[in-house]
Every structure is written in structure tokens, then in C-alpha cells.
Amino acid sequence: MSKSLPSRADNYSEWYNELVKRADLAENSAVRGCMIIKPYGYSIWEKMQRALDDMFKETGHTNAYFPLFIPKSFLSKEASHVEGFAKECAVVTHYRLKNDPNGGGVIVDPDAKLEEELIVRPTSETVIWSSYKNWIQSYRDLPLLINQWANVVRWEMRTRLFLRTAEFLWQEGHTAHATKQEAIEETEQMLEVYAEFAETFMAMPVLKGIKTANERFAGADETYCIEAMMQDGKALQAGTSHFLGQNFAKAFDVKFVNKENQLDYVWGTSWGVSTRLMGALIMAHSDDQGLVLPPKLAPIQVVIVPIYKGEEQLENIKARINPLVKALKSRGVSVKFDFADNQSPGFKFAEYELKGVPVRLAIGNRDMENGTIELARRDTREKTSMPFEGIEDVIVDTLEDIQKSIYQKAFDFRAANTFEVNSWDEFTAKIEDGGFLSAHWDGSSETEEKIKELTKATIRCIPLDAKDDAGKCILTGAPSSRRVIFARAY
RNA sequence: CGGGGUGUAGCGUAGCCCGGUAUCGCGCUUGGUUUGGGACCAAGAGGUCGUAGGUUCGAAUCCUGCCACCCCGACCA
């Protein structure tokens, strides 16, 4: 195994794949397209889950759990929904195996065929709405604000660790409301929650917007999204929030009696983020030395590496470091004091950089004599020798500063790679370099598809903060009232 | 699913064209010396050569099917 990663400049996707494996985040499994999330990767996901779950609870949601299997008939109740997912569903047809009468191993027992096939959920709208039918009678039962943490399966043809896997982990919120207005507000609120999570925890700036009809969720009236820019200039959809209108209520016959004693269909939303966020996190900040993790999501925020000759020196260092470890822990900082003697300091430095630990401290005999300690920050790879006295506050400040700096760096990168373009020639030239292109579009699906066909660029979103700005469609020249964001996407 | 490539120890590989039971490095184990940016010496352990068939006295090597992974397409709320 070579010591260094492939560089981003040489081969971005190889860099990504290698990094995921070398940093011990995930690996491929025996099952095509399914990944094994390794402990280090999973602990980052757990941090994401914790933060998101707290935000969901704060906005009034509660968790529940619905089954993995969906009766086939459920899926077909909402027409555009089934159309959207049919091509990528795993189907359970039998419930038993038996010994192969012709020899080795087991075979599917042909006598154990299911009357109705079960679909492994690609998303849970259908099972959930079939339950909501029983749970909702009156406006007093509304709003119903439920989230579930689950795995889903989408049989993708081409997969990549975290970015697109056949099975992935996610959360899916499913809410029901008495009015259209309230459901739209919920959809928008959850988009805000996602944006805030991405920006404050992941340190990743996102663009909030609305999807075009082409890119809309199957079964939604409107899909809101957050879009992030990766370091290769490609866009990554990091989260979606859907206003479902009354589509699922109608498909599953979910009616309620309103205050005026009239029967009406309820209004729905659904919203989700997945382990894809791990991919976003990696590609937003990491460099050729390895991961760069935002302190708020780093499983280990500070690592301390002692440099010593002999037991006695190590004991002296431990005596100085142990109280610091304790003090940091009491301030909620996760610290690892790595005094393992089977690896050299240099090895440890490289290893913790690969794993993205935000702050590294090194202390050796020189420091012991001088009353200093060396502090290295992962994002800039700067090393500074500092007085040991007061280092605790410096560490806490540095963690905060790293969180802010990597956000700013990602923000500046996005700004430097976002362009207004006004002609087709400009568009086709610019799109080759990656980045977001802000351009006029005539609003038709045909034009959108034509542009995709010609350039591989899709409309990532119509930004929520788009200003009215009359212009002409980049392709057709037809009038347009505002700009949309085009990019090549993951 | 189409085109191209790859599969040999935990990882990375040589050998394959031209058939004779497998090379080297990293890692691992033990002992010793080391430790301020991926340490060194010595001795060890580890392989049904992706998988299932076929050809052959004999297959990592030749042939066929299958599987997985990578790249390019198609597909992908």
C-alpha cells in the first residue's frame, strides 16, 4: 500500500474512493452496491444523527418506526410515485429456503411463494400513509409530525461509497396537516433545518431552492432542496423537503373532519437526508493528505502525541498531559492521548491527518523542559509551538476557529466557481470547468432536457432568493423572469 | 444494461504472451534497538492464484460461463 493518497488534481474520483477506504470510513461488501460502514465512519454518522435528531425534536417531531417491507399493491396507489421507483425496487417473493435435493447448499423453496410480493422500501410514504389513514380522523389529530431513522434500498446500477449505494441509511420525516399553508410552512421549515445543519455542523454552505418539475420527487407537488458544491465543481444534492399536496392523502384515502365539520383530505410533506451527507462532508473539505473534518462532527477532536525516549520520559509526559485531557473532556472536547509505543510519532501524525482529526498536540522532552507544546491544526496544517500554560483555552478557541475557517474556505470556493452566464457559447465553455452557472431558462422541461443532453448539466434548483431579473433563455432565447442554477451533479 | 480494464496472503504487486504448485514490498508475530513527520535489525507465520467448469500427464498461466471492482456511457426524487 502506497503511503500517500492519489491527488485530487490527478484523479478526483480515485482520490475519493481511496480516502473513504484509507480513512476507515467504509468499504464495499459481499453484496453488490451495498457498503459496510466501519466504526470510524459510523461514529461520524452518529454525530450527524444526534445533531439532526435534536433539531427535529426541537421543531416538534417525534420518532417512530415503520416496516421494511411494503406490499406491492401499496406502491402502485400513487401513480407518479410508482413510476419513479419501480425500476429500482428489490422484491421479496418467497419466505423459506430448503436443502437442495440435488446436493450442496440451500435453494428457495418453490412451495413458499408469497401470495403478494413484498417490496423492500425505497422510501416509506406508502406504508406510512396507509397507517395515517387509521390515525387521522379530526383536525384535532393534526398536525402529525413523525420522523423515522431507517435503511432503504434502491437498486442503483452504478454505485459509489456513500454517494450512491443500493442500501443506505437515512431519516425520513412524514407529516400531515390540516391546511395547505401549514404543510408548505412545514416543508420550508425542514429545508431551513437542513440548511442550518449543513452550514453550522458540516461547515458546508448550501444553496436553498426549488426543483424543476423534471427533478421533482415522484409524488410531490413541489420539491425543495439544498445543493452543495464539491471541490471538483460538481453539485451534490444534500437534502430534500417535499410538499406532497394531497397526493398521498388521496391515494390512501386519508380524510379528516375540519373545524367547519367538513370532510377534507389532509396535506402532506416528507423530507430526508441520508448517508450521502458523509460523501458531501468528505468532498467539501478534505485534501490530498486525507480527511478534514469539521470539529463539530469529528469523532476525535484533539489527539495528543507524546514524543519520548524511555519509560521515565513517558511517565513525565503523562503526568503533565493527564490533567489536560481531563480538563478538555469536562469541557465537552473529545480527546485521544495516543501513547501507544508501537508506532512512531511520524506515523501517528500522518495517520491522524488521514483521519481528519482537527487539532493535534505533540509534546516531547524539549517541550517538557521549555514548558511548551506543539499545536497543529488539520485544516491549514500549521504547526505552532505554544506555552503549555493556558493551552486548554487555545485548543477550544482553535476548534471554533477551524469550524469557521473551513466553512469560509468552502464558501469562498463556491463563490469563486459560481458564474453568471448570458450566452450559449459562454455556457458550454464554462460548464466544462465545473461550478454553478446562473443562467436564464425558459421554464420548459424540453429545454431543460435538451441542455442536459448537450452538456450533462442539470438545473440544480431555482434559488429561493432569486431576484426578478428579466432575460432570455440561454438555449432558446425565449423570455425568462429569473435565473436558475445549472451544474453537473453527482 | 452496453463498451473497455482488473481480480494472485490483510493491502499493493511479479509471474500469464511461451503450462511444470508462486516473486517482492507493506502489514502481522517474537526478540532487540528506536521515537521532534509514515524507524531499524534478526527470526517467523500467512496462499484451494475471484469462482464454476473445460483442455492437458500437469493450469495462476490456455478456453468458456459466472461474480465482484474500476473507468466511460445509459440509468439515478
Side-chain angles (χ1 to χ4, degrees), chain A residues 1-6 11-14 16-18 21-22 24 27-35 78 80-89 104 122-123 125 152 154-161 163-166 168 170 172 210-225 237 239-244 270-274 276 289-290 305-311 313-314 317 338-354 360-370 372-374 376 381 383 385 452-453 456 458 460-461 489-490:
Chain A
M1 185 157 71
S2 79
K3 282 178 180 175
S4 58
L5 286 169
N11 189 335
Y12 195 82
S13 66
E14 200 181 316
Y16 175 84
N17 289 332
E18 275 298 302
K21 286 175 196 161
R22 296 267 289 274
D24 244 357
E27 62 188 25
N28 285 304
S29 73
V31 183
R32 180 194 191 112
C34 294
M35 67 177 161
E78 214 287 335
S80 59
H81 190 68
V82 66
E83 199 181 317
F85 289 106
K87 281 177 286 180
E88 50 186 36
C89 284
T123 179
E125 274 77 5
V152 288
R154 295 179 190 179
W155 214 265
E156 301 286 357
M157 303 226 184
R158 221 173 129 180
T159 59
R160 294 189 70 192
L161 293 170
L163 295 174
R164 179 172 291 114
T165 46
F168 55 91
W170 76 344
E172 45 181 329
I210 296 172
K211 287 290 186 192
T212 60
N214 272 2
E215 302 275 327
R216 197 177 285 154
F217 175 74
D221 278 3
E222 198 79 88
T223 287
Y224 293 67
C225 64
Q237 178 178 300
T240 48
S241 183
H242 314 291
F243 168 60
L244 302 176
S270 68
W271 27 274
V273 294
S274 71
R276 184 179 234 208
Q289 272 67 46
V305 178
I307 298 155
Y308 58 94
K309 293 185 175 72
E311 274 301 305
Q313 286 191 5
L314 177 60
I317 291 171
D338 185 357
F339 48 79
D341 68 350
N342 57 341
Q343 285 150 347
S344 68
F347 181 91
K348 291 176 186 174
F349 293 168
E351 187 66 15
Y352 290 111
E353 276 174 12
L354 180 62
R360 182 186 74 229
L361 300 170
I363 182 163
N365 210 37
R366 269 191 338 240
D367 295 297
M368 293 295 285
E369 284 167 10
N370 301 337
T372 56
I373 191 162
E374 183 188 83
R381 301 185 75 225
K383 296 194 286 193
S385 183
K452 184 180 178 182
E453 197 185 306
K456 294 182 197 163
T458 50
R460 302 319 302 158
C461 69
Y490 276 97

Could you give the distance separating [M] and [N] at their [atom1] atoms, to the nearest angstrom?
| N | M | atom1 | answer |
| --- | --- | --- | --- |
| B/rC41 | B/rG25 | P | 11 Å |
| B/rG58 | B/rU13 | P | 33 Å |
| B/rG12 | B/rG54 | P | 31 Å |
| B/rU48 | B/rU21 | C1' | 11 Å |
| B/rG38 | B/rA43 | P | 26 Å |
| B/rU51 | B/rC67 | P | 15 Å |
| B/rU6 | B/rG50 | P | 13 Å |
| B/rA14 | B/rG53 | P | 28 Å |

Does B/rU21 fall in syn (glycosidic angle within 90° of 0) or anti?
syn

Could you check which of [options] has an atom nearest any side-chain atom of [X]?
| X | options | answer |
| --- | --- | --- |
| A/Ser13 | B/rG38, B/rC71, B/rU35 | B/rC71 |
| A/Arg158 | B/rG36, B/rG38, B/rA74 | B/rA74 |
| A/Glu88 | B/rC76, B/rG38, B/rU35 | B/rC76 |
| A/Lys309 | B/rG36, B/rC75, B/rU35 | B/rU35 |
| A/Met157 | B/rU35, B/rC1, B/rG38 | B/rC1 |
| A/Arg164 | B/rG36, B/rA74, B/rC76 | B/rC76 |
| A/Arg360 | B/rG37, B/rC71, B/rG36 | B/rG37 |
| A/Ala362 | B/rC76, B/rG36, B/rC70 | B/rG36 |

Value in whole Å for how far the [atom2] atom of [N] lies from [atom1] of [X]:
| X | N | atom1 | atom2 | answer |
| --- | --- | --- | --- | --- |
| A/Glu311 | B/rU34 | CD | P | 13 Å |
| A/Gln313 | B/rU34 | CD | C1' | 12 Å |
| A/Asp341 | B/rA39 | CG | P | 14 Å |
| A/Glu353 | B/rG37 | CD | C1' | 8 Å |
| A/Glu351 | B/rG27 | CD | C1' | 12 Å |
| A/Asn28 | B/rC67 | CG | P | 17 Å |
| A/Trp155 | B/rC75 | CH2 | C1' | 16 Å |
| A/Leu163 | B/rC70 | CG | P | 12 Å |

Need one value for [X]: base, sugar-phosphate or nothing, where a base atom within 4.0 Å counts as base even if backbone is also close, heavy atoms only.
| X | result |
| --- | --- |
| A/Gly239 | nothing |
| A/Gly364 | base |
| A/Arg381 | base |
| A/Glu14 | nothing |

So, OP1 or OP2 of [N]: does either fall under 4.0 Å of a side-chain N or O from [X]?
| X | N | answer |
| --- | --- | --- |
| A/Arg32 | B/rA68 | yes |
| A/Lys456 | B/rG73 | yes |
| A/Lys87 | B/rC75 | no |
| A/Ser344 | B/rU35 | no |

Residue pair A/Lys87, A/Trp155: steps toward the side-chain contact (heavy atoms from CB on, under 4.5 Å) verdict
CA-CA 8 Å; A/Lys87 281 177 286 180; A/Trp155 214 265; over 6 Å; no

Check whether any side-chain N or O of [X] sits under 3.5 Å from a backbone N or O of [Y] as a donor-acceptor pair, and report yes or no.
| X | Y | answer |
| --- | --- | --- |
| A/Lys348 | A/Asp338 | yes |
| A/Arg216 | A/Asp221 | yes |
| A/Lys211 | A/Arg460 | yes |
| A/Tyr16 | A/Leu161 | yes |
| A/Gln313 | A/Lys309 | yes |
| A/Arg164 | A/Thr159 | no |

For A/Thr372 and A/Glu374, does a side-chain donor sit closer than 3.5 Å to a side-chain acceptor?
no

Evaluate the criterion side-chain contact (heavy atoms from CB on, under 4.5 Å) for residue pair A/Thr123 and A/Phe85; output intermediate values, then yes/no.
CA-CA 9 Å; A/Thr123 179; A/Phe85 289 106; 3.8 Å; yes

Is [N] paired to anything, Watson-Crick or G-U wobble with both distances less than 3.5 Å, and if yes, which nucleotide?
| N | answer |
| --- | --- |
| B/rG27 | none |
| B/rG65 | B/rU51 |
| B/rC1 | B/rG73 |
| B/rG58 | none |
| B/rC17 | none |

Using a distance-only criterion (donor-acceptor N/O pair, under 3.5 Å, no hydrogens), is the base of [N] paired with the side chain of [X]?
| X | N | result |
| --- | --- | --- |
| A/Lys383 | B/rG37 | yes |
| A/Asp367 | B/rG36 | yes |
| A/Gln343 | B/rG38 | no |

Taking for A/Gln289 and for A/Tyr490 the nucleotide of RNA chain B with the nearest heavy atom, the one nearer the 5' end belongs to A/Gln289

Closest-nucleotide ordering on RNA chain B, the 5'-leading residue of A/Phe347 and A/Asn342
A/Asn342

